[in-house]
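Okay, structure first, notes after.
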Amino acid sequence: MLQLSVIRENPEEIIRRLGIKNFDGSEIIPQIISLDDQRRETQKMLDNLQAQNNAMARKIGVLFKSGKTAEANLLKEKTAELKNQSKDLNTAFENTKKELDDLLVRIPNLPHESVPPGKSSDDNLIIRTEGNIPKLPEGSVPHWELAAKYDIIDFSLGNKISGAGFPVYKGKGAHLQRSLINFFLEQAVKAGYLEIQPPYLVNAASGYGTGQLPDKDGQMYYAPLDDLYLIPTAEVPVTNIYRDIILKESELPVKNVAYSACFRREAGSYGKDVRGLNRLHQFDKVEIVQIVHPENSYKILDEMVEYVSGLLRALELPFRVVKLCGGDISFTSAMTFDMEVWSAAQERWLEVSSVSNFESFQANRMKLRFKDETGKIHLAHTLNGSALALPRIMAALLENNQDADGIRIPSALQPYTGFDKIS
RNA sequence: GGAGAGAUGUCCGAGUGGUCUAAGGAGCACGCCUGGAGAGCGUGUAAUCGCCAAAAGCGGUUCAUGGGUUCGAAUCCCAUUCUCUCCGCCA
């Protein structure tokens with residue numbers, strides 16, 4: 001959520017920058033400012049009235065105590081009018097505030113100045129490409145065929161138990177998943193992240209805190225009986241640990257890592273983009289989250305991209321780093337880098353990580369703040385990134401490392417798998 | 001799921017209708033004391049909104065959350081959420 005003070009300071013500039021995200025703020029921004037004016041005006045009157053009320057009540061108390069009952073009763077009658085007025089004003093105040101809030105939560109984060117304009121992923125900026133694109137031998141196949149050939153991932157079994165998008169991993173396939181999770185977690189812990197095991201179901205307040213609600217309502221699985229949402233990413237429970245918290249400046253940066261299953265309804269997805277492991281309703285991901293001082297957040301964004309790059313190098317996967325354009329960047333993000341690995345058999349780039357700086361957007365919603373040395377309170381900046389999402393890593397590993405007699409396991413993973421080949 | 005008890009500031013904890021402007025303690029910060037540290041002593045110690053260009057100041061709100069009763073609510077009533085104890089069920 002954008003800060004009202006920021007919006008009021010320079011509305012034209014806000015509208016311009018929202019435009020980079022292809023969001024038209026020309027009506028909603030002035031509307032917000034006029035609602036805020038109205039809110040202030042109402043509060044002024046309400047505060048005044050309440051101050052009178054309080055003074056009167058105090059006076060009556062004193063009179064009763066000193067036995068001047070008649071005088072007290074006279075005053076009591078006077079309060080009725082004040083009470084009615086303040087009741088009406090209070091209703092007006094609450095309504096205005098709610099209206100204002102409803103508009104505010106619908107405004108996306110401002111993109112950073114350096115975010116390129118654009119409509120879709122075609123306008124993204126390729127920052128760099130690393131690693132060698134492998135030349136696959138004759139007869140190479142996409143990962144869904146390899147999965148069947150070596151009996152390591154069963155898609156139709158998932159269909160039977162749950163439905164499309166819920167694969168069943170078996171044998172060395174399951175083991176490889178587990179190895180990847182352990183590898184990612186241990187690397188993060190070595191890099192100074194605190195390991196967290198979060199809940200998989202969260203309440204609505206948490207959904208609002210990280211911005212999934214109300215923007216992505218309908219993309220999350222929802223359990224109405226208990227009013228809980230299945231997490232689409234560990235970002236939600238982990239970041240919300242710090243909801244309504246004032247940290248000490250010395251506690252920054254907070255670095256957390258969590259493995260979790262992730263659940264996404266992916267309503268509206270179809271076609272060959274969703275084939276095999278490309279898009280699932282349930283998948284595994286290791287997520288890194290940082291809460292940092294606003295001064296450092298972009299430096300740390302770069303560090304996080306570099307950290308994820310290191311993981312991909314260790315896995316010997318060719319990858320590229322893409323800076324998202326305004327049209328492709330998420331609702332909550334100010335700047336996002338996607339990391340994509342080359343899927344040799346599908347001959348396309350697959351997004352395996354998305355690293356974002358949310359600046360104070362999530363922090364403002366969550367009231368996540370820190371206190372500096374002088375005692376002043378500021379909103380913190382939040383960042384997160386996948387490190388990494390498993391399915392497409394799995395897809396790329398299977399496809400890129402296939403040869404006539406099986407699938408080679410990169411040496412970094414072998415201590416975790418205990419085998420060097422799936423055959 | 002049933003019965004009961006409870007939720008107060010950073011923490012512990014007192015407070016059952018009227019200066020609550022929330023006692024007391026711990027913690028923390030600063031100062032004094034000390035060769036240094038500790039102890040001791042002293043001072044301070046929430047958030048949020050509004051008025052004001054800002055600071056200071058003034059006012060509003062906040063004792064789990066939301067309603068209600070009352071001139072006046074941490075305190076009384078109702079609902080919700082959460083925690084604890086016992087019982088039941090159970091990986």
Side-chain angles (χ1 to χ4, degrees), chain A residues 1-10 32-105 197-209 213 223-229 237 240-252 254 261 360 363-380:
Chain A
M1 190 158 69
L2 296 180
Q3 289 172 265
L4 255 173
S5 54
V6 174
I7 294 177
R8 293 189 71 106
E9 230 163 69
N10 196 346
I32 281 173
I33 291 173
S34 103
L35 272 171
D36 189 45
D37 286 339
Q38 197 182 321
R39 188 201 108 242
R40 289 179 190 214
E41 194 55 39
T42 316
Q43 179 171 351
K44 225 188 297 178
M45 294 191 285
L46 185 62
D47 283 0
N48 215 310
L49 224 52
Q50 250 153 354
Q52 284 181 54
N53 250 330
N54 290 343
M56 201 92 86
R58 239 170 283 148
K59 218 183 279 175
I60 292 171
V62 173
L63 288 175
F64 269 124
K65 256 198 169 160
S66 53
K68 295 175 182 160
T69 320
E71 264 179 76
N73 282 328
L74 213 73
L75 262 183
K76 258 167 95 168
E77 282 165 32
K78 276 195 184 169
T79 60
E81 172 66 8
L82 278 178
K83 235 180 123 180
N84 267 332
Q85 276 182 39
S86 62
K87 199 165 189 173
D88 289 348
L89 267 179
N90 197 43
T91 314
F93 180 70
E94 294 297 336
N95 286 343
T96 310
K97 229 169 64 176
K98 189 171 179 309
E99 225 177 302
L100 184 59
D101 246 30
D102 286 348
L103 290 184
L104 269 175
V105 295
Q197 275 200 22
Y200 287 9
L201 286 107
V202 295
N203 56 29
S206 295
Y208 276 97
L213 293 174
L225 205 56
D226 296 291
D227 196 20
L228 292 170
Y229 296 83
N240 273 283
I241 291 173
Y242 306 94
R243 171 151 49 87
D244 290 319
I245 293 273
I246 300 176
L247 295 160
K248 291 193 205 111
E249 191 170 6
S250 60
E251 291 174 290
L252 301 176
V254 172
S360 62
N364 190 34
R365 282 195 176 198
M366 279 194 283
K367 302 282 167 272
L368 194 189
R369 292 158 295 172
F370 71 92
K371 194 178 258 189
D372 69 20
E373 286 158 357
T374 68
K376 270 196 100 173
I377 287 175
H378 313 268
L379 291 170

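Computed from a predicted model, the values in this text were never measured in an experiment. Letters A, B, ... mirror the listed sequences (proteins, then strands); counts begin at 1.
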Taking only the C1' atom of each, what is the distance from B:G9 to B:A22 in whole angstrom? 9 Å
What distance, rounded to whole Å, do you find between the two C1' atoms, one in B:C49 and one in B:U45? 22 Å
Atom-pair distance (CD on A:Gln43; C1' on B:G59), nearest Å: 10 Å
Contact under 4.0 Å: A:Arg369 side-chain N or O vs B:U48 OP1/OP2: yes
Look through every strand shown and name the nucleotide pairing with B:C63 as Watson-Crick or G-U wobble, where both distances are under 3.5 Å. none
Look at the side-chain N and O atoms of A:Lys248 and state whether any lies under 4.0 Å from the OP1 or OP2 oxygen of B:U10. no
Residue pairs passing the side-chain hydrogen bond (donor to acceptor under 3.5 Å, both in side chains) test with at least one member in residues 88-97 of chain A, sequence neighbours excluded, are none
Does B:G59 have its OP1 or OP2 closer than 4.0 Å to a side-chain nitrogen or oxygen of A:Asn54? no
Determine the sole option in A:Leu368, A:Ile241, A:Leu247 for which the side-chain contact (heavy atoms from CB on, under 4.5 Å) test with A:Val254 is passed. A:Leu247
Paired nucleotide for B:A22 [Watson-Crick or G-U wobble; both distances under 3.5 Å]: none
Can you name the one residue among A:Asp36, A:Leu35, A:Asp37 that meets side-chain contact (heavy atoms from CB on, under 4.5 Å) with A:Ile33? A:Asp37
Would you please test A:Lys83 and A:Thr79 for side chain to side chain contact (heavy atoms under 4.5 Å, CB included) and show each step? CA-CA 6 Å; A:Lys83 235 180 123 180; A:Thr79 60; 5.5 Å; no
Looking at B:C49, I'd like to know if its phosphate oxygens (OP1 or OP2) sit under 4.0 Å from a side-chain N or O belonging to A:Arg39. no
Starting the side chain at C-beta, find the nucleotide from B:G18, B:G50, B:A46 nearest to A:Lys371. B:A46
According to the Watson-Crick and G-U wobble definitions, with both distances under 3.5 Å, which nucleotide is paired to B:A5? B:U83
When only distance counts, do a donor and an acceptor, one from the side chain of A:Asp47 and one from the base of B:G59, lie under 3.5 Å apart? yes
Do A:Ile32 and A:Leu4 make a side-chain contact, defined as non-hydrogen atoms from C-beta onward lying under 4.5 Å apart? yes
Of the options B:A47, B:U61, B:G18, whose atoms approach the side-chain atoms of A:Gln50 most closely? B:U61
Is the closest side-chain heavy-atom distance between A:Asp101 and A:Val105 below 4.5 Å? no
Using Watson-Crick or G-U wobble geometry with both distances under 3.5 Å, which nucleotide pairs with B:U69? none
For A:Arg8 and B:G50, give me the distance from atom CZ to atom P, rounded to whole Å. 9 Å
What interatomic distance, in whole Å, is found between C1' of B:C52 and the corresponding atom of B:C58? 10 Å
Let's see if you can work this out: which of B:G18, B:U61, B:G68 has an atom nearest to the side-chain heavy atoms of A:Lys87? B:G68
Detail all sub-3.5 Å separations between protein N/O atoms and N/O atoms belonging to nucleotides 64-67 of chain B.
none

Sort out the partner of B:C28 for me: Watson-Crick or G-U wobble, both distances under 3.5 Å, none otherwise. B:G44
Using the C1' atom in both, what is the distance from B:G15 to B:U21, to the nearest Å? 15 Å
Flag yes if more than 12 heavy atoms outside A:Lys367 fall under 6.0 Å of its NZ atom; otherwise flag no. yes
Test item: A:Leu201 and A:Asp226 side chains (from C-beta on) under 4.5 Å apart, heavy atoms: no
Could you measure between the two P atoms, the one in B:U70 and the one in B:U65, and give it in whole Å? 23 Å
Distance, P atom - from B:A37 to B:U75, rounded to whole angstrom: 47 Å
Nearest nucleotide by nearest heavy atom, which residue falls closer to the 5' end of RNA chain B, A:Gly61 or A:Leu46? A:Gly61
Atom CG of A:Asn53 and atom P of B:C71: how far apart are they, to the nearest Å? 11 Å
More than 12 heavy atoms of other residues, nucleotides or ligands under 6.0 Å from CD of A:Gln197: yes or no? no
Could you tell me which nucleotide pairs with B:A39 by Watson-Crick or G-U wobble geometry, both distances under 3.5 Å, or answer none if nothing does? none
Between B:C11 and B:C89, how many Å separate the two P atoms, rounded to a whole number? 38 Å
Pairwise C1' distance for B:G66 and B:A5, with rounding to whole Å: 22 Å
OP1 or OP2 of B:G50 under 4.0 Å from side-chain N/O of A:Arg40: yes
Pairing partner of B:G57 (Watson-Crick or G-U wobble, both distances under 3.5 Å): B:C51
Distance below 4.0 Å between A:Lys76 side-chain N/O and B:G72 OP1 or OP2: no
Can you tell me the base-pairing partner of B:C89? Count Watson-Crick or G-U wobble geometry only, both distances below 3.5 Å, and say none if there is no partner. none
Which nucleotide in B:G60, B:U70, B:G18 has an atom nearest any side-chain atom of A:Lys83: B:U70
